[in-house]
Structures are given as C-alpha cells and as structure tokens.
Visitor: 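Structure incoming, see below.
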Amino acid sequence: MNWKTIKYNRYLYPALYILIIVLFIAIPYITAPYTIILLSSIFMYISLTLSWTLFSGPTGYTSLATAAFFGLGLYMAGILGDSVPLIVAVICGGLISFILAFIIGAITLRLRGIYFTIFTFGLVELIKHLMLWWEINIVGVRGRFVPRADNATVFYILLAILAALLLTTYFLKSSRYGMALSSIGSNEEAAIHIGINVVNLKIITFASSAFFIGLTGTIMATRWSYIDPYIAFDPFYSFLPPLMAIFGGLGNLFGPLLGAAVFSYLQETLITRFPYSYMLIFGLIMVITILYLPNGLIGLYQTIRQRFIGGKHADTSS
Amino acid sequence: MTSIINILVNGLILGGIYALTSVGLSMQYGVARIFNIAHGEFIMVGAFITWMLYTSFGINPLLCLVVAGPVLFILGFIVHRYLFKTLKDKTPVPTAFEGNSMLLAFGILFIIQSLGIYLWGTQIKGYSFMAYSIYLGGIRFSANRMLILFFAVFLCVLFYLFLTRTRPGKAIRAAAQDPEAASLMGVDINKMLALCFALGAMMAGFAGVLLSMAYQLQTNMGLPYTIIAIIVVVLGGLGSIPGSMLGGFILGIIGSIVNTIDPGLTLAAYYLLFMILLLVRPSGILGR
Amino acid sequence: MQILQVEGLTKNFGGLAAVSEVDFHVEEGEILGLIGPNGAGKTTTFNLIAGTYEPNSGKILFNGENLAGKKPNVICQKGLARTFQNVKVFPDMDVFQNVLLGAFFGTPEKKSRSQAKSEVEEILDFIGLSDRTDMVAGSMTLVNQKRVEVARALATKPKLLLLDELMAGLNPTEVGESMELVKRIQKKGITVIMIEHVMKAIMNICKRIIVLHHGQKIAEGTPEEISTSKTVIEVYLGE
C-alpha cells in the first residue's frame, strides 16, 4: 500500500458515495415501478451481504445465522403491523436482532471454526420451529399478514439502511477496531495476548451486523405482505450472503458489494425468466465461484488487469 | 406399559433411520473434513431410484439396495474426484477448506435437487410396500417399519465391521488419523478420501431406499434429513462412527418421547438439545 | 524487588498434571532462564502466567497483584507480554500493522494514531526492522517473523516479557544477534523470562536458571550451579 492509494481512498470514495446516493434518491421520480422493485430487492441482498461481511469477513467466523436475524426482522413487521409508524417498526426489528445476536455471541464464545458455523445454522432452525409451535398452539394460525408500504418508501428506507451500513463498514475498516477484527481472523490467540478484548469486539460486531440484518428484514416484510416461519427463517438467506461475498471477493470493501449486486440482479431476472432452471444455474454459479474464483470478481479483474499491464511492464515493476 | 413399549419401539425405528443417515456424514467429515450439506440429496436420489424401480418395473425395494448403493457410490466418487479434490488442491489451509467445502456442498445440493426436479417433479410421491401390521405380544407393529429398523441396524453394523476389520476400511481410518504417516505407508490419500466420500454417499443411498418403503418422498426432502444427520453427528461426536450410531438411537428415542407429548415440539427439541450440547460438550458423547 | 512471584502453580489436563506445585520468583530487571526437557511444562507455565489457561490452583503475583484467572488481554495491559513458541505473527498484515496493533491495544489508555505510529517507528528502529515495514509478515524468514513478534510485544510496553524459544531454529549468527537483542531489551528496563533449548544462549545471558521436569521444579541456581547439578544432568541424559 502506498501513499497515493491511501489518499485516493480517503477522499475520492466518500465523494463517490455521496454522488451515487444523490442519484439513487432521484430514482423513484424518474423510473418505472418495476425498476424500483428490482432495485429494492438488489439493495436487500447487498445489505444482507455487507452485514454478513462486517463480522464474518475479517474474523473468519462463518456465520449462518443471517436467516435468523432476517426472519426476526420480518416477524417484527408482522407483530407490530400498523400499530407504530413504519420507521419505528424497522428500528425495533434491528434492535431485537441486535439483542438476540448479543446473547448468542456471549454464549458461543468458546466455539470456533465449524462448530460456530453449525451452531448458527442450528439457531435458524430452532427459532423457526419455536415460532411454528407458538403460532399453531398459542396464536392458532400459521403465518400472518404484513401491511404493505408503498414502493418509494420501501426503497428510501432500504437506501438509508444501505448508506448507514456502508458508512459503518468504511469507518470500521479504517479504524483500529477494524484492524483488530482482522487480527482475530489472522491469529486469535496472538490478538488476545497483545491486549485486544477479543470477546467484546466479537460480540459487538456480531450484534451490529445482526442489527442491520434485522432492519433489512423488517422493511422487506412490507414488500412480501405475508410471512410464516418457513418463509421467514429460510436457510437460503443464511447461505446467500457468504456466497455473494465470495462471488464478489472478500478481500475488498467493494467485493461483497459488487458480488451481491451482480448476483442478485442475475437471480431476480433468472427467477422470472427461468423459474425451473434457476436452482440449477444458482448451484452451478456457486460451484464455479468456489472452485475457480476464490478471490471473486474483484480477484478476476485484478488478475486480468495484472496480466494486461504486467505484459508491458513486467521487468520494471519487479 | 404398552404405550411405553410403543414409544420405545417408535424411538428405535426413528433411531435406526437417523443412525443410518448419519454414519456416512460422520465419516465424510471425520476423514475428508467435508461438512456435506448435500448429504440429504443423496438420500433423496436413493429414495427416488427405489420409487422408480418399484412403481415402473415392480422391482422389490430390498433388491434396490444393490442398485441404488453402487449408483450413489459412483456419484459420490465423481463428486469428490472432480469437485472436492479440486477445492482441496486450491485451499491447502484446513479451516478454509472446511468453510469452503460446506459452501461447495450447498451448491451441489442445489444442482442435485434441481436435476431431481427435472426427473421426478415436485409432487409428493410414495408407494405402499408391506403396509400391514404385525402383532407381537398384543402390540401392533407396522411391518415395513420393522423391516427398516432391521436393515438399518444390519447395514450400520456391516459398515462398522467394514471400517474396523477390512484392509480398505483400516486404510481409511489410518488416513483419517494421520494422513502423512498413511501416505508414507503407501496409502493413496486422494483415492482414500474419494472412496470415503463415495461410501458416505452410498450409506445415504441405502437410507433413501429404506425410507422410501414407509415415508413420503419429495424432491426437497433432503435438507431436513441433512439437518437431523448433523444433529446426530454432533451428538455422537464429529467423526465418530459408533458415536453416530448411538447418537441416532438416542435422538430417535428422545424424538419419540417428545412426539407423544407434543408433536409440534419434536424438531425444536432436537435443536435445543443440539445447541446445548454444542455449548456444553462440543466433542459429543463419544468424542475425544 | 520481586516483579513476579509464582506460588504453588498447578495445572491439570484431564487428570495429567502438566505443571504441579511450582514456586519461583523473578527479580525486577533480571533475565531468568527456564529450561527442561520436552514436555516439562515450560510453555504451560508461560500460558498460565500470560492467562492463556487458568491454573487449577496457585498464585501468580505480578507487582503484588494476583493474575490467576484473569484474561490474557487484561494481563497484557497490566504490562506482561509474551511471544509464542511457534511464531504467531498476523501473517496477512505488514510488519508495521503487526506492531501498530500492539501499540494500539497493549496499554489501557487510548492513544492517538500519530502517537502510536511514532512509538512503532521507534520500536522497529530498535529491533532493526525499519527497512522492512511494508513487508507482509507471513512472507518473512523465521528470524524476522520472530523479531516482528518481539517488536509487537514490546509495543504493548511490558514491564515483564516472556520469550518462548526465541532462538529455536535460528543459525549461529542469528542466535548471536538475538542474544544481543535480549540484552538490549533488559537495558531498556524490561524484565525477561526466557524458555530456551539453545544452552549456549541461556548460559550466557541468564544470571539465574530454573529447571522444570515433569511439571515440577527440580533445580534453581546460577548457570554454573545448573550445569554441574547432578539431578539436572540425570534428567537430560535420561531422555
């Protein structure tokens, strides 16, 4: 890393964000409803992927709990319904996920590697079945309806969540705590022994990531209008974020963003055009990504660029 | 008294299926370090092969064991040889391999399941085979389920004997305990890993064949079986084959008890047990 | 003055005593050697002092305060740093970042970025890595990775530093350089305990040596006393 790129990152990228956000704010005024809906879906996947990457990216703890926090958010929307303003419901969805993630984080501290991953996977199923039982035996009806919100509102709230998430990721990445998180992924034992409070850092980051996932879930519920435990706690939402992040490239802030954007666009168009081949194509992309694109699209781009430029300046650069 | 025996027998039947679905997964993780989320898809394929052969050609489901077993073995071998081995060569760091192999398996799950949908559709399928009751000491047992229990136990024991008594079985276990030493002794590690994965897939296929005799089939049936198998494998200790067998029966009996109290809570109880176990004793009941 | 007093330190792993009833103390400013055959419990002793493991019983008094049961990060911030037997740098970070993390988190007070950076530069200069600050730590030679680890530990401003086999795997020139380094660390006013198998090094720079065997302290004394002690020779020959 040289001085030039640091300067570039610090001033140019935030300016770019602001420009992009302004552009996005204008979108509902200038495009067709279909575009807004499509963009909202893409924003949802980007936000799930970035939230997942916030914690699992630097620490290397592969969380499969995304569906749990997403589902809690969805249910928050269903439970609160019209009783509170939408924005309050969204924040409540974030908070409940934060609290659950905080508790989960605190009790799973001892688990590492595959054990942490399967624990988080089990969490989704546990909540799903408890919810099912509760709805059937206590409420008496499975599933519930969520009052709809208009497309532009959903779009703006998602945009706001995404902007907040990007800022959080950016500031965390450039702070000492971001460095400390990466050191956990590098060598957790060494990180503890140089004075990093690994426990607190992990819990707070995990809970923050869940907060954003919960926010996203609550707002998305208004688009779906009906939810039940099978829809809300679908393990699919746990596997998508890591896949999208790897598809884009984990080493870079833009990797997961790009991965989620490209992948979700593909997904949304594939589902409508080829509903039956969709799963097959999805599986194939997944396999190809993991086998042949270990550094994702960003890595592919870098390899191609290096080959292209490297051919010219191969000797001077080394 | 009768009800207690009923609960116990139902628990054993459930446990036999759980044990059979889990041993393969346990070995795949224990030896090849692959956390195979697609395990249930191999069960699904085994079940549908049986359904197809029985309903189209009237072939006895028990005979299907010798058809589905080798088919799944070959499928498993190919999947490991061309996918997991490629991944292994590219990700030498063990922890990274574990994480990525799980995601790869998830991709495989989707591919197998969608191919299954092309072949067999999305409707619920089933057939009836030995669907009558037998009475022993005044208690009613369903014949096909007793047959399932018998074969599940028989196949598990056979599998265990294969691993402990035969040369290839011993080579697999040696490869699991110390890959470097085993390769120095002339064991071809890559072949062993592929063999082990293929055997795991074969056991899943057997489980599918037996399941199809008494339970409903659907092309999306795989994941729930995978999840149960994961629970059993953790219960018994990741990678421990006898642990998985014991874990399967324990979970089956617990399931049968909870089922009589409130069927809606069976799965929730499994997960709760699973998560508590992970926290209290992640190495499982028979783990080291 | 005694900076560290260890009393009745015991640790069992599944019924096996890795360290049992070990007592010793460390004088402020000295370099104490800790030796013993493989499996004697040396690294376990370090792990207990640094908080990696919690002892089953016993006291670890650091400047009069009992550290037993405290978390490693807390212990580090109290001024007790360590290195590892099998080097544990952050392999994907560069040298500067490795040491910067120590400076950021090793002390209880929150430093400004510029202060932390100037501290790191000073330490890298002291350790002799100023010309390699941009190198990715994982790509460095063993001796340099060990230096990065020492630099990272020094960045946490320790009063007591635990060095676990700093010289293992190094060539004679590098061993000589590392011995110099340890002496210079002592001159900075930092007390050192070092585990070492390279006898030349330990006999040279330690004034006092402790010998562990099967988790128990079997001898303690000056290098001369240790090298002539019958019990110690028997233990080493009996290997």
Side-chain angles (χ1 to χ4, degrees), chain A residues 56 60-62 64 104 107-137 142 185 234-236 238-240 242-243 245-247 275-294, chain B residues 29 33 35 37-38 82-84 86-87 89-91 93-96 98-118 122 220 223-224 227-228 230-231 233-234 238 262-280 282-283:
Chain A
S56 293
Y61 279 71
T62 307
L64 290 180
I104 295 301
I107 59 175
T108 55
L109 290 173
R110 293 170 50 200
L111 301 176
R112 292 195 187 170
I114 201 90
Y115 288 101
F116 175 79
T117 306
I118 53 183
F119 185 92
T120 53
F121 183 66
L123 178 74
V124 177
E125 299 297 321
L126 176 69
I127 296 178
K128 181 202 284 177
H129 289 281
L130 286 179
M131 274 301 208
L132 263 176
W133 183 84
W134 179 63
E135 287 201 327
I136 292 167
N137 292 282
R142 199 181 97 188
D234 186 343
F236 193 66
S238 290
F239 280 98
L240 270 182
L243 180 69
I246 293 172
F247 182 61
Y276 293 107
S277 322
Y278 157 67
M279 267 177 57
L280 182 65
I281 297 170
F282 177 85
L284 286 173
I285 293 179
M286 201 151 174
V287 168
I288 292 167
T289 304
I290 288 160
L291 288 185
Y292 301 104
L293 291 175
Chain B
Y29 182 78
R33 294 283 132 185
F35 208 77
I37 297 277
Y82 290 100
L83 301 177
F84 286 105
T86 315
L87 181 69
D89 292 343
K90 295 191 176 195
T91 23
V93 186
T95 48
E98 278 186 17
N100 285 347
S101 67
M102 197 161 79
L103 290 172
L104 179 63
F106 196 66
I108 295 168
L109 180 161
F110 269 87
I111 294 173
I112 298 181
Q113 202 184 111
S114 57
L115 292 177
I117 291 174
Y118 278 121
T122 53
N220 65 1
L223 194 59
I227 293 171
I228 298 269
I230 291 173
I231 298 174
V233 166
V234 170
L238 270 181
D262 185 340
L265 281 178
T266 315
L267 282 169
Y270 288 176
Y271 294 116
L272 204 61
L273 176 78
F274 167 67
M275 291 169 75
I276 291 170
L277 197 83
L278 268 179
L279 292 173
V280 179
S283 55

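Proteins come first, then strands; the chains are lettered A, B, ... in the order of their sequence lines, and each starts at number 1.
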Visitor: How many angstroms lie between CD1 in B/I37 and CD1 in A/I118, if you round to the nearest 0.5 Å?
Guide: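 Spacing of CD1 (B/I37) from CD1 (A/I118) equals 9.0 Å.
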Visitor: B/L103 and A/M286: which non-hydrogen atoms are nearest, and at how many Å?
Guide: O-CE, 3.4 Å
Visitor: Please evaluate residues B/F274 and A/L126 with respect to the criterion side-chain contact (heavy atoms from CB on, under 4.5 Å), reporting the C-alpha separation (whole Å), side-chain torsions for both, the decisive distance (0.1 Å), and the verdict.
Guide: CA-CA 10 Å; B/F274 167 67; A/L126 176 69; over 6 Å; no
Visitor: Measure A/T289 against the heavy atoms of chain B and call it side chain, backbone, both or neither at under 4.5 Å.
Guide: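 Answer is neither: A/T289 stays 4.5 Å or more from chain B.
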Visitor: Side chain from CB out, backbone as N, CA, C, O: work out which of these in B/L104 comes under 4.5 Å of a heavy atom of chain A, or both, or neither.
Guide: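 Its backbone and side chain both get close to chain A.
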Visitor: Sequence neighbours left out, cut at 3.5 Å: what donor-acceptor pairs do the side chains of residues 263-271 of chain B make with other protein atoms?
Guide:
residue: B/T266; atom: OG1; partner: B/P263; partner atom: O; Å: 2.8
residue: B/Y270; atom: OH; partner: B/Y18; partner atom: OH; Å: 3.1

Visitor: Would you say that more than 12 heavy atoms from the other residues, nucleotides or ligands in this model lie under 6.0 Å from the CZ of A/F236, or not?
Guide: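 It does: A/F236 CZ has more than 12 such atoms within range.
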Visitor: For chain B, which of A/Y115, A/F239, A/F121 has the most heavy-atom pairs under 4.5 Å?
Guide: A/F239
Visitor: Roughly how far, to the nearest 0.5 Å, is the CZ atom of B/F106 from the CG atom of A/L240?
Guide: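 Interatomic distance, A/L240 CG to B/F106 CZ, rounded to 0.5 Å: 7.0 Å.
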Visitor: Below 4.5 Å from any heavy atom of chain A, which atoms of B/L223 appear? Answer side chain, backbone, both or neither.
Guide: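 For B/L223, the side chain is the part near chain A, not the backbone.
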Visitor: Would you mind checking which part of A/L132 comes under 4.5 Å of any heavy atom in chain B, side chain (CB onward), backbone (N, CA, C, O), both or neither?
Guide: neither
Visitor: Between A/I288, A/I114, A/L284, A/L130, which residue shows the highest count of heavy-atom pairs closer than 4.5 Å to chain B?
Guide: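 Of the candidates given, the most pairs with chain B belong to A/I114.
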Visitor: Quick one: OG1 on A/T108 to CG on B/L278, what's the gap to the nearest 0.5 Å?
Guide: 10.0 Å
Visitor: Please state whether the side chain, the backbone, both or neither of A/L111 comes within less than 4.5 Å of a heavy atom of chain B.
Guide: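 Contact with chain B: side chain only.
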Visitor: Give, as side chain, backbone, both or neither, the part of B/D262 having an atom under 4.5 angstrom from any heavy atom of chain A.
Guide: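 Interface part for B/D262: side chain.
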Visitor: How long is the gap from CD1 on B/I111 to CD1 on A/I281, to the nearest 0.5 Å?
Guide: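 Interatomic distance, B/I111 CD1 to A/I281 CD1, rounded to 0.5 Å: 11.0 Å.
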Visitor: Taking side chain as everything from C-beta outward and backbone as N, CA, C, O, which of these in A/I246 sits under 4.5 Å from a heavy atom of chain B? Side chain, backbone, both or neither.
Guide: side chain
Visitor: In Å and rounded to the nearest 0.5 Å, what is the CD1 to CG distance from B/I112 to A/L280?
Guide: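 Interatomic distance, B/I112 CD1 to A/L280 CG, rounded to 0.5 Å: 11.5 Å.
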Visitor: Tell me if a side-chain donor or acceptor on B/K90 pairs with a main-chain N or O of A/Y292 at a distance below 3.5 Å.
Guide: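 Absent.
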